[in-house]
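Starting from 1, each residue takes its place in the sequence as its number.
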Amino acid sequence: MAIESLGHFWPIKVYAQLLPTATERQRHSKEDFQRAENAGRASLRGRAPQPAPLQTRLGRMEENPEGDPEENPDGEPLTSEDDEGAKAGRDWCRTDCVERPLSRALRRLGGLVGAHPWPFLLLPVALSAALGAGFAQLPSRESNDIEGQFTPRGGPAKTERRLAQERFPTDDARRFSAPRLTTEGAFVAFVVLAHEPDRTLLTRAAFGELLALDAAVRGFRADGLAYAQVCARIDGTCSSPNPLLSAVGNDSARIEALLPNLTFPVWQMRDFLGTFLGGVTVDPGPAEDRSRPLRGAKALSLFYYLQEDDPARREASLKWLGAFLQRIPDELASSNLTSVRVAYYTSISRQEEFEKSSKEVVPLFSITYFLIIFFAINSCARLDCVRTKVWAAAFGVLSSGLAVLSSFGLLLFCGVPFVITVANAPFLILGVGVDDMFIMVSCWQKTKVKDTVQDRMADTYAEAAVSVTITTLTDVLAFYIGIATAFPSIQSFCIYTGTAFIFCYIYNLTFFGAILALNGRREESNRHWLTFMKVPNETDESRGSAYNMCCVGGSYDESTGAEFEHPMNEFFRTYFGPFLMYRWTKLFVVVLYIGYLGSSIYGCTQVEEGIDLRNLANDNSYIVQYYNWYEGYFKEYGPRVMVVVTESIAYWNPGVRADIENCMEWIESLAYVDKYLTESWLKLYIMIAERMSLDIGDSSSFIANLPTLFQINPEARWDVNFTNQEISASRFFIQTVNVITAIDEQNLLDELRSLTTECHIPIIFYHPAFIYFDQYLVIARNTIQNVLIAAGAMLIISLLLIPNPLCSLWVTFAIASVIVGVTGFMAFWNVHLDSISMINLVICIGFSVDFSAHISYAFVSSEKPNVNDKAVDALYHLGYPVVQGAVSTIVGVVVLSMAPTYIFRTFFKIMFLVILFGAAHGLIFIPVFLTFFGFCGRL
């Protein structure tokens, strides 16, 4: 975030060095003072060599036109030895080789804009109109595929899915099996709860309503397509939505007859009920008895799968699902269910609700634009009807809007995907663009009122543009570094936002600069800001106070020749700064920082990783209730994972079979695996062979007797891929348990994949959910990598553009401190470390630089005699700009706190933390800590 700070101390610092101090004004004649002042102005305008910053001691002038002996801080003349030491110190700390020529170049640009403002005004408008046509490409550039954007590119699970699909192609029109799906499938799902929380669903009344719901689903039609035409099939019939529903048939009373014989989690030695019944009550029994008599269940799930293997069938299924989502709310409302409560979900629900959330944030943008304009105008307005900067403020906001229009249009023309996360960018760009505008306005106000507009613009650019350049460069670099992440959604956001910042910088130097120059011409001719009529600059007591307030203007501070300072600057110098320097205040600040750092470090250990998929929908979405109920009642049993043997091995070899058995035992020994629920065709085959005295000791007999296995267990045929008397691949299934939190999901994936190297057979583990679990493998690594790279880049930029190495070290310290604070407090505010919050941590780096660099440099470059005075002086120059910058950025994103979507609320939360902690470091922590190292100001 750019703030108007460096404009206070870079070339202004040079100017201060060329001007006499208050003591010197008393010693020198008026002519001497005028001569020194003119020399300073000439230097700033490029007519004399511009001295490097930080090259003087207290009050010593770099240029001494009269040849008077220079004095040391004690008032004694400086000796040649002192002068050599000062020069050596200046040469050691002189790191402004980039800043000085940049300042001179921008000075020339400012003079050009001041002399010819109209081309710089009209060209950005024309360019924005041309590039804005790129928004016509927006519908084709939208890329909101959840898997494609919010899972890591090149994740291992995607490779594992490809291998599973190649070895075991599905056929959902003839032999559908839900556990054997390699995708999430096309489906409709229901979670049904008993109407009373303490009741069971295993009653005649509840199943009567369940049968009615089942009939309603099967009766849905879309474009003439009935459910029976698109359903996934097993042996010519639609797959069952629930084993109990199939067992009951059309008679709900049968559930009461079945209940005494029901066991959980496995019924009839083959039906796994763990994913179909939740909140169960079972009879007690021995630990080794894994299936116990079932007495009640508070929740029941129904899954209606549709065909998707064939492209034409997939299209038909999507149409049917669309019709279902349109009609199911009315259907449920008219059902008058009294025994059950129902939540529903489909395979397309998450994607549809995700895409809807981006549309709901559009109205918030207009509110933000209004708030930014209101804040900018109030921040720049003055009671003086000539000196007020109302028009500059309004067009400054417009400049940011043009930057968004141009950058987004250009990238849409170039075919860059537009992801929902990019919808956050305009809110951020508005806030940052307004901050840059504050810098320009502030530096304009510090120029000499009697100078020409061209000269004032040159001085303004020389002071402000370097500051804007630094903050823009750091922010843009932070975003472009973020492009290296593995998450496409982050890449898209960083490309759009970084490019928008570049346009924002260009338009501030051209479009807004032209507005400032035209506004300067109005001020030069002493014209009213609204009527543009000339007004007197002296009050007339006979005309009344209202007239003098509204129709008299153009006053300025005659002692400085510039406009009057804002009262907030005086507040920081007179009240806030001295208060912060009290001994007890410093002690409190140290204690406060220790508490802040301790809380942050603890919070960092509590941050949860991974994106919760329910958070991609609006808070009031129907899928939220489904997720809540499903996790509340069905989380005991996690994914049923495939264990795929990817290569051909000698299954008939006892040694190979022993390796497989050992590997399966290692897998079953994991805390997240229920060894009693493993499904192994090989173990069943060996058992059948022993009981039936089948010979499976060689290749030919092993293959020849496989039909016996398939006859006893038909589903085993889908787990053995054999052709030409060779088994090219096979798979087993393990049942995971207690995979409840994101940490459990990460640990499960890590433990399973670690076994792929320990087992002596070539295996992979796969489940469709692993596509999303993969984010845990890279999210923390990508975040740390981006933060370290960006922080290093910020340090290099600081060393190049901020002419003080110690200042750069404080910048690095502040970046680390703010990042730790933001990450830690994410946990306290219920924000996970995911691809969304990762964006904000990248932003955090660039924004941390803005506050810390300005404050620490203002301190070390201050000419005050002691460290406390240096800190007060830094706050005097930068306190109000920091407040302006912080408030404007928060105003830019505050409306996102009202968004009904996690993505946008998370963006607000982390931006709020970044600005809050960044401002706290700039206004409280760093000024106090710098006073503990007084040598920083005496290089």
Side-chain angles (χ1 to χ4, degrees), residues 145-148 150-151 157-158 160-191 214 217-218 220 222 225 227-243 245-246 271-272 274-276 301-325 328 343-354 613-614 616 623 626-627 630 634 637-642 644 679 715 718-719 731 733 735-736 765-773:
D145 175 59
I146 294 177
E147 178 185 315
F150 292 92
T151 60
K158 294 178 181 179
E160 293 160 359
R161 176 175 60 188
R162 178 178 54 80
L163 291 173
Q165 290 174 337
E166 290 174 354
R167 270 65 170 180
F168 302 100
T170 57
D171 184 0
D172 53 22
R174 292 181 299 174
R175 50 180 181 83
F176 174 79
S177 174
R180 291 168 173 80
L181 284 173
T182 53
T183 66
E184 291 184 328
F187 62 88
V188 170
F190 293 94
V191 170
D214 178 67
V217 173
R218 296 176 184 275
F220 275 118
L225 289 171
Y227 170 76
Q229 295 175 273
V230 296
C231 68
R233 296 175 175 273
I234 304 175
D235 297 331
T237 61
C238 294
S239 63
S240 170
N242 186 299
L245 214 61
S246 300
D271 290 323
F272 177 66
T275 56
F276 294 102
S301 65
L302 302 173
F303 290 92
Y304 297 86
Y305 284 95
L306 310 179
Q307 297 178 36
E308 63 169 356
D309 288 342
D310 179 75
R313 289 294 182 185
R314 183 188 307 118
E315 187 66 25
S317 296
L318 292 176
K319 289 182 180 179
W320 190 92
L321 288 173
F324 170 85
L325 287 176
I328 190 61
Y344 61 95
Y345 178 79
T346 74
S347 54
I348 65 173
S349 293
R350 188 171 57 213
Q351 185 66 43
E352 286 195 354
E353 293 298 293
F354 177 59
L613 295 178
R614 87 185 73 189
L616 297 177
I623 74 172
Y626 174 86
Y627 272 113
Y630 194 86
F634 295 94
Y637 292 97
R640 191 162 182 81
V641 178
M642 296 182 192
V644 181
E679 183 178 343
E715 290 186 346
W718 308 340
D719 299 328
R731 61 183 170 185
F733 293 89
Q735 180 61 51
T736 60
F765 299 90
Y766 176 72
H767 185 274
F770 288 1
I771 300 292
Y772 297 95
F773 290 3

Do Met642 and Thr182 have side-chain heavy atoms sitting under 4.5 Å apart?
-> yes
Write down the atom of Cys238, the atom of Tyr227, and the distance for their closest heavy-atom approach.
-> SG-CE2, 3.9 Å
Taken to the nearest 0.5 Å, the spacing of Asp271 CG from Ser240 OG works out to 8.5 Å
State the CG-CG distance between Leu245 and Asp214, to the nearest 0.5 angstrom.
-> 5.0 Å
Got a sec, which residues hit ring-ring contact (aromatic ring centres under 6.0 Å, His included) with Tyr305, two or more places apart in sequence or on another chain?
-> Phe176, Phe187
Pro169 meets the side-chain contact (heavy atoms from CB on, under 4.5 Å) criterion, sequence neighbours left out, with none
For residues 311-321, pull every pair meeting side-chain hydrogen bond (donor to acceptor under 3.5 Å, both in side chains), keeping only residues two or more places apart or in separate chains.
-> none
With Phe770 via ring-ring contact (aromatic ring centres under 6.0 Å, His included) - residues at least two apart | Phe773
Residue set satisfying side-chain contact (heavy atoms from CB on, under 4.5 Å) with Ser349, at least two apart, ordered chain then number -> Leu325, Tyr345, Thr346, Tyr622, Ile623
Tell me, please, which residues at least two apart from Arg167 pass salt bridge (charged side-chain N to carboxylate O under 4.0 Å, His left out).
-> none
Beyond-backbone contact of Glu308 with Thr183, side-chain heavy atoms, under 4.5 angstrom = yes
Between Arg640 and Arg180, is there a donor-acceptor pair closer than 3.5 Å when you use the side chain of the first and the backbone of the second?
-> no
Arg731 side chain to Trp718 backbone, donor-acceptor under 3.5 Å | yes
Taken in chain and number order and not counting sequence neighbours, the residues that satisfy salt bridge (charged side-chain N to carboxylate O under 4.0 Å, His left out) with Arg162 are Glu166
Nearest atoms (heavy-atom pairs only) where Ser347 meets Ala186 | OG-CA, 3.3 Å
Can any side-chain N or O of Gln307 pair as donor or acceptor with the backbone N or O of Ala232 at less than 3.5 Å?
-> no
Just jot down the side-chain contact (heavy atoms from CB on, under 4.5 Å) partners of Glu147, sequence neighbours excluded, or say none.
-> Asp145, Thr151, Lys158, Arg161, Ile771, Tyr772
Nearest-0.5 Å distance that lies between atom CZ in Phe303 and atom OG in Ser239 = 11.5 Å
Please identify each residue that fulfils ring-ring contact (aromatic ring centres under 6.0 Å, His included) with Phe220, with sequence neighbours left out.
-> Phe324
Could you walk me through whether Val644 and Leu163 pass the side-chain contact (heavy atoms from CB on, under 4.5 Å) check?
-> CA-CA 9 Å; Val644 181; Leu163 291 173; over 6 Å; no
Do Gln735 and Pro179 have side chains that get closer than 4.5 Å, going by heavy atoms?
-> no
Considering residues at least two apart in sequence or located in another chain, which fulfil the salt bridge (charged side-chain N to carboxylate O under 4.0 Å, His left out) criterion with Asp171?
-> Arg174
Is Pro768 close to Glu184 at the side-chain level, that is, under 4.5 Å between some pair of heavy atoms?
-> yes
Check salt bridge (charged side-chain N to carboxylate O under 4.0 Å, His left out) between Asp172 and all other residues, then give those that pass, not counting sequence neighbours.
-> none
Answer yes or no: is there a donor N or O on one side and an acceptor on the other, between the side chain of Ser301 and the main chain of Ala189, under 3.5 Å?
-> no
Could you tell me whether Phe168 and Tyr766 have their ring centroids closer than 6.0 angstrom?
-> no
By ring-ring contact (aromatic ring centres under 6.0 Å, His included), which residues pair with Phe272, not counting sequence neighbours?
-> Tyr637
